[in-house]
Amino acid sequence: MAEAAGHLTPVPQAEHDARLELERKRLNLRVLLELAQELSGVLQPRTLLDTFLLTAMGPTGARQGVAVLANPTAGDGLLLSRGVQANQAEVLQQRLPAICDAYFPYSDQASDFQAPILRFIQRGQPEAQGLLPPGMNALLCFSVDDAHCGLLALGPFLAEGGGELHHDAADLLKSLTHMLIGALRGALAVSNIRQLGVDLGRKNEQLSQALATSQAAQRVLDRRVHQLAAINELAGELAQRHTVAEILDSFLLTMLGAFSLGCGLVLVLDRPARGVDLALRGAPGTGLRAFAPADALVYKAFAATGEHSVAPLTVDPVLAPQEALSGCGLPFPAACAVYFALDADVQGVLVLGKTISGDDLDEEDTQLVRAELAALLGYLQGARRMQTISALNVDLLRRNEELTRTIKELTEARQTIDLLERTGERVRAFLQAEAQRSRRFSWLDCGIILAAAMLVAFLFNLASPNGVPLVPEHLLRPPAQSVSVQQARELQQNEGALIVDARPQAFFEQERISGALNLTPGLFDMVYLMHFTQVPLSQPIIVYGGNISRRWDEDVAARLAAREHERVLVLKDGLSGWVAHGYTVEP
């Protein structure tokens, strides 16, 4: 027993080796368990590599380690190092593409390298020259997925003199690498899913934007189709209109409907005739139907254009219409305005308000409005020509009636003249017979001859259209209403009264009232047709030019009143009274 107490029984070598092997396996399992716990829940590849590298260097006894996760095709990836100096770590980062080319040659093959392989760098091997730090003799290459590969370089080792790695450590390293591959695949899959989610969100946003753009374009297209359909119907509708007022009203109504406008007006001004045609929609009445305010509006629109042109069929946009047309009596704010000219005498303006939604017309809408306004000018020209032709036809019909009446009067006068000529021949024959019958002359014979001559003269004067009246006409008709010089001047300035000089042209050319027109009784019909047919019947007309023996002013005033002019006045003191008051005369 003493001997047994003083000496320990030696353990057999086989049992000792078994115990060491068991302890090594327990250590390896503990390392695997700890690594599994460390890697669980980590989704960042960099954190996984860093944790793996630190865990792998401990059991293997490596003093330095380099871990790489790379995409060989792209030549980029992650590179982490432990136990390497800072300057060497920067150099390794720069050498990452070369490391991929040297240690991942299978990336160009038809099939990917799927299982990790442990191999040792042989000295003098070209792929090892200068890429990794010296002493890293353990190199493990592995594939993570179809696009990513991994590299683990360890060494020198503390055990076994820093030489090759023990086979148990190599097995442990393989097991650790398999765990890393699984963790990396999960992390890369999550990263890919996140990236796919981001890409999908971006594409959804792009699709939403494209859908919104498409819907906006569809709305614009629908609006254009509606506008073009309305404008197409307008062409057929305007072709059936024959007056300027009807054409303007149809055009404005179509423009308001096609472009969803709340209000607008279109105005045509005829300066020589002092006429105004106005169409107004969506706004209260305005004073623009009078010539003076309409003329001011058209002039301001003309001044605000860029071209300042009155050439025929001109269409120019008005720049800054709301400011340019302010103070012109518009019943609504001008959001869009276009000036147009049929010719140098007839011009107009189109003024449009905002849309029903409160927006302004865009550039394409404005261009379409100008194009349709240019087409409108052709219809306006046709309507004005039709009005001119109608007026000429009415005047021609009136002249034909007057000519027919004159021809009838001349025919009747000719018949009367023929009768008088036959009567005169009979009287002459009677006188000749009486002269031959008797040479005696008596006062009775002289009285008979004188009475016969007076009878013949009376009958001839009565039958002739140019005969002299027995009683002057001005004694039979009522005198025209007279007006003083001061009243005539006020009518001329305030109501635009027309001054008429009834004297012969020779007197008219010597001296006349400024702005007076020459209208004599002898040339009344011809001059009236040339200059007075367009004068409004309500416009005051002041006539002067009479004297004691010649009542030209009364004759002309009576004829003007016969033409249904409502306010025909005779200047009481004539030209002399006008001059005495110091008013202007010509020449």
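Given the structure is predicted, the values throughout are model-derived calculations rather than measurements.
- Using a 4.5 Å heavy-atom cutoff, the side chains of L151 and V66 are not in contact.
- Under a 3.5 Å cut-off, the side chain of T254 and the backbone N or O of S250 do form a donor-acceptor pair.
- Judged by distance alone, the side chain of N204 and the main-chain N or O of L200 form a donor-acceptor pair under 3.5 Å.
- Annotation: side chain of V394 is not in contact with side chain of L392 (no heavy-atom distance under 4.5 Å).
- Here E34 contributes atom CD and T55 contributes atom OG1; the two are 8.0 Å apart, rounded to the nearest 0.5 Å.
- Note that OH of Y339 and OG1 of T305 are 7.0 Å apart. Values are rounded to the nearest 0.5 Å.
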Practice item. For side chain to side chain contact (heavy atoms under 4.5 Å, CB included), just list the numbers for R271 and V298, CA-CA rounded to whole Å, side-chain angles, deciding distance to a tenth of an Å, and then say yes or no. Key: CA-CA 11 Å; R271 285 195 171 89; V298 173; 4.1 Å; yes
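- At most 12 heavy atoms of other shown residues, nucleotides or ligands fall within 6.0 angstrom of atom CZ in R194.
- Side-chain contact check for L269 versus F291: some heavy-atom pair is nearer than 4.5 Å.
- Interatomic distance, L92 CG to I99 CD1, rounded to the nearest 0.5 Å: 5.5 Å.
- Looking at L180 and L49, their side chains come closer than 4.5 Å, going by heavy atoms from C-beta outward.
- A salt bridge links D249 to R281: at least one charged side-chain nitrogen sits closer than 4.0 Å to a carboxylate oxygen.
- Nearest heavy atoms, L265 versus L350: O-CD1, 3.5 Å.
- Contact of the P45 side chain with the L78 side chain is registered, since non-hydrogen atoms from C-beta on lie closer than 4.5 Å.
- Q534 and R274 form no side-chain donor-acceptor contact under 3.5 Å, judged by distance and modelled atom types alone.
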Practice item. Go through the steps for V346 and V268 under the test side chain to side chain contact (heavy atoms under 4.5 Å, CB included), then give the verdict. Key: CA-CA 7 Å; V346 181; V268 176; 3.7 Å; yes
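- Listed for the S81 side chain is no donor-acceptor partner under 3.5 Å among the backbone atoms of V84.
- In this structure, L152 and F142 approach most closely via the heavy-atom pair N-CE2, 4.4 Å.
- Residues P331 and P284 come closest through the heavy atom pair CB-O, 3.8 Å.
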Check your understanding: Stepwise, does the salt bridge (Lys or Arg N to Asp or Glu O under 4.0 Å) test hold for R370 with D316?
Key -> CA-CA 8 Å; R370 293 203 298 267; D316 285 329; over 6 Å; no
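- Taking both residues in full, the closest heavy atoms of P133 and Q64 are given as CB-OE1, 3.9 Å, listed atom of the first, atom of the second, then distance.
- Side-chain N or O atoms of S326 include one that pairs as donor or acceptor with a backbone N or O of E323 at under 3.5 Å.
- Residues Q381 and L377 have side chains not in contact (no heavy-atom distance under 4.5 Å, counting atoms from C-beta outward).
- The CG atom of L368 lies 11.5 Å from the CG atom of L373; values are rounded to the nearest 0.5 Å.
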Check your understanding: Do L352 and F259 pass the side chain to side chain contact (heavy atoms under 4.5 Å, CB included) test, and can you show the C-alpha distance, the side-chain angles, and the key distance before you say yes or no?
Key -> CA-CA 10 Å; L352 302 175; F259 295 97; 5.9 Å; no
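- Heavy atoms of other residues, nucleotides or ligands lying less than 6.0 angstrom from CD of Q367 number more than 12.
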Check your understanding: Checking side chain to side chain contact (heavy atoms under 4.5 Å, CB included) for the pair V338/V315: CA distance, chi angles, key distance, verdict?
Key -> CA-CA 7 Å; V338 184; V315 176; 3.5 Å; yes
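- We find the OG1-CG distance between T60 and L154 to be 5.0 Å, quoted to the nearest 0.5 Å.
- Applying side chain to side chain contact (heavy atoms under 4.5 Å, CB included) to L280 and the options T286, V351, L288 leaves one that passes, T286.
- Checking side-chain atoms of D365 against main-chain N and O of L361 turns up no donor-acceptor pair under 3.5 Å.
- The shortest side-chain heavy-atom distance between P293 and D295 does not fall under the 4.5 Å cut-off.
- A distance of 9.5 Å separates CG in L252 from SG in C263, rounded to the nearest 0.5 Å.
- When every heavy atom of N71 is checked against every heavy atom of A147, the shortest pair comes out as OD1-O, 3.2 Å.
- Of the charged side-chain nitrogens involved, none lies within less than 4.0 Å of a carboxylate oxygen, so that K354 and D359 do not count as a salt-bridged pair.
- Listed here is the closest heavy atom pair of F332 and A283: CD2-CB, 3.8 Å.
- Proximity of L184 to H148: side-chain heavy atoms (C-beta onward) are nowhere separated by under 4.5 Å.
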